[in-house]
Amino acid sequence: MGLATRVTRLLGIEHPIVQGGMMWVGRAELASAVSNAGGLGMLTALTQPMPDDLRREIDRCRTMTDKPFGVNLTILPSVSPPPYAEYRRAIIDSGVAIVETAGHRPQEHVEDFKAHGITVIHKCTAVRHAVSAERMGVDIVSIDGFECAGHPGEDDIPGLVLIPAAADKVKIPMLASGGFADGRGLVAALALGAEGINMGTRFCATVEAPIHDAVKQLIIANDERATNLIFRRFHNTGRVAKTSVSDRVVEISARPDAVFEDIRPLVSGANGRTALETGDLDAGLVWAGQVQGLIHDVPTCRQLIKRIVGDAQNLVAERLTGFMKQGDA
């Protein structure tokens with residue numbers, strides 16, 4: 001039996017667990033495995049070199065699952081931006097029913113997706129952005145606490161405060177993101193006002209994640225302290241796993257005269273892809289959150305989701321219920 005929430009009903013999934021969109025990781029192998037296990041798998045649009053490649057990846061995912069899955073489209077400011085509108089068209093033309101948007105000024109994309117009947121999840125890192133997304137017409141907000149991998153924003157608000165603060169302001173369903181890996185986190189998210197969880201780093205350490213085992217073992221070996229915050233001085237904070245590369249980025253960035261060009265070779269996406277695919281941890285950045293401290297194995301996605309949901313149900317039925325004081329007979 002699953003945990004029924006507005007999120008599960010809206011997305012047509014069994015369990016309120018969503019796989020976050022992750023560059024180079026959100027491929028059909030992982031997305032289909034998460035969906036087949038009762039969660040919502042997520043392809044990452046920009047992992048595919050061109051929009052036509054995304055069309056083929058969507059088709060490939062459909063050969064691997066008959067369950068709902070989504071596509072992440074992250075919009076980031078850039079001197080030479082990808083052809084976002086063409087990726088959006090590929091998603092729409094492929095008949096994808098669920099999209100996760102994230103990043104900078106998504107309104108144009110959200111409006112087009114909604115006009116085509118697509119359910120939109122928008123990922124954000126601040127209450128004010130969640131309120132804005134609700135006004136924009138998205139169906140679900142994914143609120144990302146400071147613990148998360150990737151870009152946690154500049155407010156530095158952890159999930160324990162950010163999730164209920166957002167729940168107080170928005171009426172649409174909400175996913176909690178950043179720091180989730182087990183049944184305890186799922187129960188906590190529900191208690192704080194969310195109706196499901198969005199996990200990235202935890203899904204990297206699964207059998208089906210299409211990355212090198214050395215990266216999965218790094219995540220297991222690392223504890224909750226083993227991340228670095230990079231790009232802080234450039235007001236584009238990112239949280240990554242602590243490695244020789246990210247240590248070097250932090251060291252160079254601390255110089256009073258440091259500019260982005262000084263670290264560009266170390267932080268290139270191509271180098272990060274090399275690290276993920278070859279297991280050479282000195283090749284590039286590995287993006288991972290503080291939740292590494294809660295990850296101790298590499299299960300299949302089915303084993304992981306079954307464990308999370310089972311542990312959550314047991315926590316509610318046994319431990320939490322046991323705290324309720326019984327009245328005198």
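Please read these numbers as outputs of a predicted model, since none were measured by experiment. Nothing fancy with the numbering, it's 1 onward along the sequence.
Salt bridge status for Glu261 with Arg264: present, with a side-chain N to carboxylate O gap under 4.0 Å. A salt bridge links Arg225 with Asp223: the distance from a Lys NZ or Arg NE/NH1/NH2 to an Asp or Glu carboxylate oxygen falls below 4.0 Å. Note on Arg184 versus Asp311: no salt bridge recorded, every NZ/NE/NH1/NH2 to OD/OE distance being 4.0 Å or above. Under 4.0 Å is where a charged nitrogen must lie from a carboxylate oxygen, and between Asp52 and Arg55 at least one such pair does. Look at Arg307 and Asp297 and you find a salt bridge, because one of the NZ, NE, NH1 or NH2 atoms lies within 4.0 Å of a carboxylate O, short of that distance. Looking at Arg60 and Glu29, a side-chain N of the basic residue comes within less than 4.0 Å of a carboxylate O on the acidic one, giving a salt bridge. Salt-bridge check for Glu251 with Arg248: passed, with a basic side-chain N closer than 4.0 Å to an acidic carboxylate O. Taking 4.0 Å as the cut-off between side-chain N and carboxylate O, Glu14 and Lys67 do not count as a salt-bridged pair.
For the atom pair CD1 (Ile305) and CZ (Phe203), the distance works out to 4.0 Å, reported to the nearest 0.5 Å.
Looking at Asp53 and Gln48, their side chains never bring a donor and an acceptor atom within 3.5 Å of each other. Under 3.5 Å, the side chains of Ser244 and Asp247 contain no donor-acceptor pair of N or O atoms. Using modelled atom types and a 3.5 Å distance limit, the side chains of Gln290 and Thr227 yield no donor-acceptor pair.
Contact check for His122 versus His129: no side-chain heavy atoms found under the 4.5 Å cut-off. Residues Ile91 and Val99 form a side-chain contact, since some pair of their non-hydrogen atoms from C-beta on lies under 4.5 Å apart.
Among the candidates Thr243, Val25, Leu276, the single residue satisfying the side chain to side chain contact (heavy atoms under 4.5 Å, CB included) test with Val215 is Leu276. Of the residues listed (Arg202, Glu208, Gln19), the one engaging Cys301 in a side chain to side chain contact (heavy atoms under 4.5 Å, CB included) is Glu208, and it is the only one.
Hydrophobic clustering keeps Val259 apart from Val249 (ILVMFWY residues linked when any side-chain heavy atoms are closer than 4.5 Å, directly or through intermediates).
Side chain of Asp155 to backbone of Ile157: no donor-acceptor contact under 3.5 angstrom is found. Proximity of a side-chain donor or acceptor of Ser142 to a complementary backbone N or O of Lys123 within less than 3.5 Å is not detected. Proximity of a side-chain donor or acceptor of Arg302 to a complementary backbone N or O of Asn36 within less than 3.5 Å is detected. In this structure a side-chain-to-backbone donor-acceptor pair under 3.5 Å is missing from Thr44 to Thr47.
Note on ring orientation: taking the six-membered ring where Trp is involved, the planes of Tyr84 and His109 are perpendicular (angle over 60°, cut-offs 30° and 60°).
Judged by the 6.0 Å and 45° rule, Arg62 forms no cation-pi pair with Phe69.
For CZ of Arg319, the number of neighbouring non-hydrogen atoms (other residues, nucleotides, ligands) closer than 6.0 Å is 12 at most.
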